[in-house]
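Below is one structure, written out as structure tokens, with a few remarks after it.
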Amino acid sequence: MGNSYKNCKIQDNTAELIYEKGSLFVTIFENNIVHVAQKPGIESVAIEESFIPKAAATPDITCKDTSDVKGTAAEAGVSDAAVKAVIRARDITVYVKDNEKLDIYYKGKLVLSDYEKARKKSEKNPYEDLAIAELEGHTVGKDEEKTDSVTIIKKLGKDDAIYGLGDKPGCLNKRGYSYVNWNTDDPAPHVDSFKSLYKSIPFFIVLGDEYCYGIFADNTYKTTFDFGYENTDYYFVEHEKGELDYYFMPGNDMAEVVELYTSLTGTTPLYQRWIYGSHQSRWGYYTQDEVLDIADKFRELDIPCDVIHMDIDYMNGYRVFTFDDKKFPDVKGLSEKLADRGVKLISIIDPGVKKDEDYFMYKEGMEMDAFAHDTDGSVYENAVWPGTSVFPDFTKQSVRSWWGDKTKILLEHGISGIWNDMNEPASFNGPLPDDVQFEYGAHEKVHNIYGHFMAKATYEGLAKNDGGKRPFVLTRAAYAGSQKYCTLLWAGDQSVDFTIHDGLASVICGALSAGMMGCGLTHSDIGGYTSLFDNTRTKELFLRWAEMAMFTPFMRTHEGNRPDTNFQYYDDEDTMERLARLVDVYTMLAPYTKTLVEENADSGHPVQRPLFMHYESDAKAYDIQYEYLFGRDMLIAPVYEQDKHEWDVYLPQDEWVHLWTGEEYHGGAITVSAELGYTPAFYRKNSEFADIFEEIREKYGVK
């Protein structure tokens with residue numbers, strides 16, 4: 001059934017396009033962002049009111065059957081019969097057609113075009129064999145009709161590359177793949193057939209031969225993103241429920257598109273200075289004496305240790321905002337002793353509140369109706385680390401304020417920052433049902449933003465209660481816009497091995513992808529975390545990960561609770577000496593890293609960047625996904641395979657200096673030495689920070 005265009009009208013600088021069956025509302029903002037939605041105005045979890053840009057002056061609207069429409073359409077090569085209206089403002093021209101189809105031009109060039117034919121699956125997908133895909137977990141030819149779904153479907157250019165969705169598994173260029181936004185904690189190896197992971201960031205960038213644009217599909221329900229997997233002629237975004245609501249962001253290059261996106265959703269706030277230090281963490285500090293011993297061991301070996309992170313064992317039976325009175329009887333005293341050694345303390349917090357009538361969090365929460373409900377009105381229960389637990393409704397402002405005020409308990413015990421985990425939300429007795437009730441809506445609507453609101457509660461609580469200091473919040477789950485409530489986005493539970501899609505290599509792509517999505521400060525656990533599938537951490541893996549981490553904004557070791565089966569760096573004198581060198585290099589780089597963090601806070605430009613972000617004219621740079629630019633002036637090529645002593649590197653055309661040898665290069669494919677501890681790293685010869693890089697080489701370079 002068709003949906004014919006009928007008329008249009010302007011209200012509050014927005015064009016309402018009226019069809020036989022409903023309306024589309026099109027707003028063109030002063031910065032050329034175009035908002036297309038089925039409802040007027042902006043209602044968004046990701047976009048705070050203060051971030052909404054000014055609309056352009058009342059747009060020019062030319063309705064159908066006028067000579068202006070015919071002439072303008074003819075100039076653009078669009079058939080007169082197809083164009084029903086034309087909307088113009090700033091550098092944007094929108095051609096309106098029947099069936100809610102739009103063509104959007106930017107600076108006179110067609111950039112975004114709705115696919116007007118019926119969806120049709122190719123008999124043979126050119127990107128991968130379908131039989132293999134099915135074995136790997138892809139759904140092939142078994143899609144069920146979704147009666148309530150809302151779909152955005154756009155033409156896909158032959159040479160278009162697509163980047164986005166945060167740190168999803170797989171390749172940097174997502175073309176030819178299909179993903180699902182549904183925050184998921186799955187301990188299985190995160191191979192490239194994984195469609196969902198911890199974060200759901202519904203933003204992606206399309207890079208064509210002569211255009212670059214971003215699409216932010218602002219819908220919190222479960223969403224499928226198919227980037228040419230079903231058919232190479234189009235890509236589509238299918239929301240299971242909700243309304244069509246997306247933002248088109250055209251730019252001259254990728255950096256400009258990232259700036260536009262973060263102008264809407266925010267940037268990551270600045271660090272406190274101590275964050276630039278060396279962080280140590282492990283699930284398995286069972287007593288406060290163990291924590292103090294770690295600090296003393298690092299001090300004894302003259303290795304910087306600036307921060308220690310405590311995982312869940314410090315709590316009383318895993319009850320949040322409590323301390324175990326036997327294993328951690330004096331956390332305030334512990335924090336004071338650590339402070340004497342120059343060490344800060346960070347603690348983990350999960351959302352699940354233990355069901356316990358004698359537990360203050362449960363009692364207070366029940367009294368103020370703070371928890372999610374089942375459909376019969378009872379408080380919903382599931383199991384997580386404390387056992388039977390209930391889940392705070394962070395979509396309520398009152399609950400966020402209550403939770404935020406509880407950060408005072410941690411601060412009063414000397415805790416300096418908070419690490420949010422299990423906030424997908426994860427649960428042990430099966431996933432939360434779709435119909436669990438929150439103030440914002442049912443769980444199917446809230447699931448992807450649960451971690452976002454928990455981060456907001458934590459951030460605002462620390463901002464209020466920590467004497468005006470910049471909050472430190474590390475989070476695993478996130479949605480678009482979460483970056484403004486998080487000092488860092490955490491990559492979660494990588495495998496402790498060299499596998500491409502879940503080991504060391506995976507976090508390179510993950511950081512680059514997340515960075516282009518506004519999450520410019522990301523972190524992965526040095527050495528990986530998960531060792532559930534007969535994989536064990538080796539000395540080589542730990543050191544290769546650490547040597548990469550020194551060229552990131554945050555350097556932290558961490559691991560799962562299996563010290564007897566995984567290599568322990570603090571038990572090996574040689575590794576500790578090597579780690580001391582890597583940490584020192586990271587510390588020496590701090591003045592440079594600080595400028596990158598400040599740039600990210602100002603413009604949204606990520607700290608770790610794909611090569612093509614600054615070398616757009618270099619066709620080869622678009623194929624490189626396991627190297628990255630550390631800011632504008634450094635190029636890092638991590639060694640992500642075992643037993644390697646040399647490494648192939650691609651350098652874009654520029655004046656490069658090898659960090660460890662001082663040898664100069666002008667670009668192209670090269671092979672360099674890559675002994676353990678000397679990951680290939682280069683800097684631009686004319687960098688204003690060349691003195692820092694030369695100082696590093698003088699102290700630690702290869703003579």
Side-chain angles (χ1 to χ4, degrees), residues 31-34 73 75-78 90-95 101-117 122 125-128 152-165 170-178 203-217 225-237 246-261 509 512-513 515-517 605-606 609-625 627-629 650-654 667-669:
N31 54 8
N32 289 311
I33 292 177
V34 182
E75 290 172 10
V78 180
R90 306 295 290 179
D91 297 321
I92 299 293
T93 302
V94 181
Y95 291 90
K101 301 297 184 182
L102 307 175
D103 288 341
I104 303 181
Y105 287 72
Y106 174 59
K107 295 183 177 179
K109 182 177 298 182
L110 179 61
V111 176
L112 185 70
S113 184
D114 279 311
Y115 187 78
E116 298 186 53
K117 301 177 183 179
S122 298
N125 189 301
Y127 296 99
E128 57 184 316
I152 303 165
I153 180 166
K154 305 293 183 183
K155 292 178 182 177
L156 184 58
K158 180 181 177 182
D159 298 317
D160 286 353
I162 302 180
Y163 306 93
L165 306 186
C171 300
L172 185 60
N173 181 358
K174 300 293 192 286
R175 179 167 181 152
Y177 286 84
S178 176
F203 175 65
F204 58 92
I205 296 174
V206 179
L207 196 58
D209 280 342
E210 298 181 337
Y211 52 79
C212 182
Y213 68 86
I215 294 289
F216 171 34
F225 295 82
D226 186 304
F227 296 135
Y229 175 73
E230 178 178 282
N231 191 294
T232 58
D233 292 337
Y234 55 78
Y235 66 81
F236 69 82
V237 179
Y246 69 90
Y247 299 80
F248 165 69
M249 305 175 190
N252 296 315
D253 53 35
M254 181 168 286
E256 185 176 346
V257 173
V258 172
E259 290 170 14
L260 288 172
Y261 173 70
C509 284
L512 297 180
S513 183
M516 290 184 282
M517 304 303 102
H605 296 167
R609 307 167 186 176
L611 272 57
F612 55 77
M613 192 164 183
H614 291 299
Y615 298 93
E616 302 95 333
S617 61
D618 187 333
K620 179 67 174 175
Y622 294 87
D623 297 328
I624 305 299
Q625 60 181 349
E627 298 178 14
Y628 61 91
L629 297 173
Y650 179 76
L651 299 173
Q653 290 298 312
D654 211 325

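Predicted model only: the values in this text are computed from it and were never measured.
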Item to check | Trace of the side-chain contact (heavy atoms from CB on, under 4.5 Å) decision for I33 with F216 | outcome: CA-CA 10 Å; I33 292 177; F216 171 34; over 6 Å; no
Checklist entry - How far apart are the C-alpha atoms of V258 and I205, what are their side-chain angles, what is the distance that settles it, and do they pass the side-chain contact (heavy atoms from CB on, under 4.5 Å) test? => result CA-CA 9 Å; V258 172; I205 296 174; 4.1 Å; yes
Quick check for you: to the nearest 0.5 Å, what is the distance between [X] atom [atom1] and [Y] atom [atom2]?
{"X": "M516", "Y": "F203", "atom1": "CE", "atom2": "CZ", "value": "10.0 Å"}
{"X": "I153", "Y": "E116", "atom1": "CD1", "atom2": "CD", "value": "11.0 Å"}
{"X": "D226", "Y": "Y234", "atom1": "CG", "atom2": "OH", "value": "7.0 Å"}
{"X": "L110", "Y": "Y95", "atom1": "CG", "atom2": "OH", "value": "9.5 Å"}
{"X": "Y622", "Y": "L611", "atom1": "OH", "atom2": "CG", "value": "10.5 Å"}

Next on the checklist: Between Y106 and F248, is the ring centroid distance below 6.0 Å?
Outcome noted: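 That pair fails the under 6.0 Å test.
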Next on the checklist: Would you say the ring centers of Y163 and F612 fall short of 6.0 Å from each other?
Outcome noted: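 Yes, ring centres under 6.0 Å apart.
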Contact between [X] and [Y] at the side-chain level, heavy atoms closer than 4.5 Å - yes or no?
{"X": "H614", "Y": "P652", "value": "no"}
{"X": "L512", "Y": "Q625", "value": "no"}
{"X": "V237", "Y": "Y246", "value": "no"}
{"X": "D253", "Y": "C212", "value": "no"}

Next on the checklist: One pair to check against side-chain contact (heavy atoms from CB on, under 4.5 Å): K174 and F204. What are the steps and the verdict?
Outcome noted: CA-CA 9 Å; K174 300 293 192 286; F204 58 92; over 6 Å; no
Checklist entry - Name the one of Y229, F225, Y235, F236 that satisfies side chain to side chain contact (heavy atoms under 4.5 Å, CB included) with S178? => result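 When side chain to side chain contact (heavy atoms under 4.5 Å, CB included) is applied between S178 and each of Y229, F225, Y235, F236, only Y229 qualifies.
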Item to check | Member of L102, D103, I215 meeting the side chain to side chain contact (heavy atoms under 4.5 Å, CB included) criterion with L112 | outcome: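 Among L102, D103, I215, the one that satisfies the side chain to side chain contact (heavy atoms under 4.5 Å, CB included) with L112 is I215.
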Next on the checklist: Run the side-chain contact (heavy atoms from CB on, under 4.5 Å) test on M613 and H605 for me, step by step, so that the C-alpha distance in whole Å, both residues' side-chain angles and the decisive distance to 0.1 Å come before the verdict.
Outcome noted: CA-CA 10 Å; M613 192 164 183; H605 296 167; 4.3 Å; yes
Checklist entry - Is D233 salt-bridged to K155, cutoff N-O under 4.0 Å? => result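 Salt bridge: no.
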Checklist entry - Will you find, in the side chains of N231 and Y115, an N or O donor that is under 3.5 Å from an N or O acceptor? => result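 The answer is no; no qualifying pair exists.
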Checklist entry - Do any N or O atoms from the side chain of Y628 and from the backbone of C509 form a donor-acceptor pair under 3.5 angstrom? => result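 Such a contact is absent between Y628 side chain and C509 backbone.
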Item to check | R175 side-chain N/O to G228 backbone N/O, donor-acceptor pair under 3.5 Å | outcome: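 Side chain of R175 to backbone of G228, a donor-acceptor pair under 3.5 Å: no, none is there.
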Next on the checklist: Between N32 and K107, is the side-chain hydrogen bond (donor to acceptor under 3.5 Å, both in side chains) condition met? List the steps.
Outcome noted: CA-CA 10 Å; N32 289 311; K107 295 183 177 179; over 6 Å; no
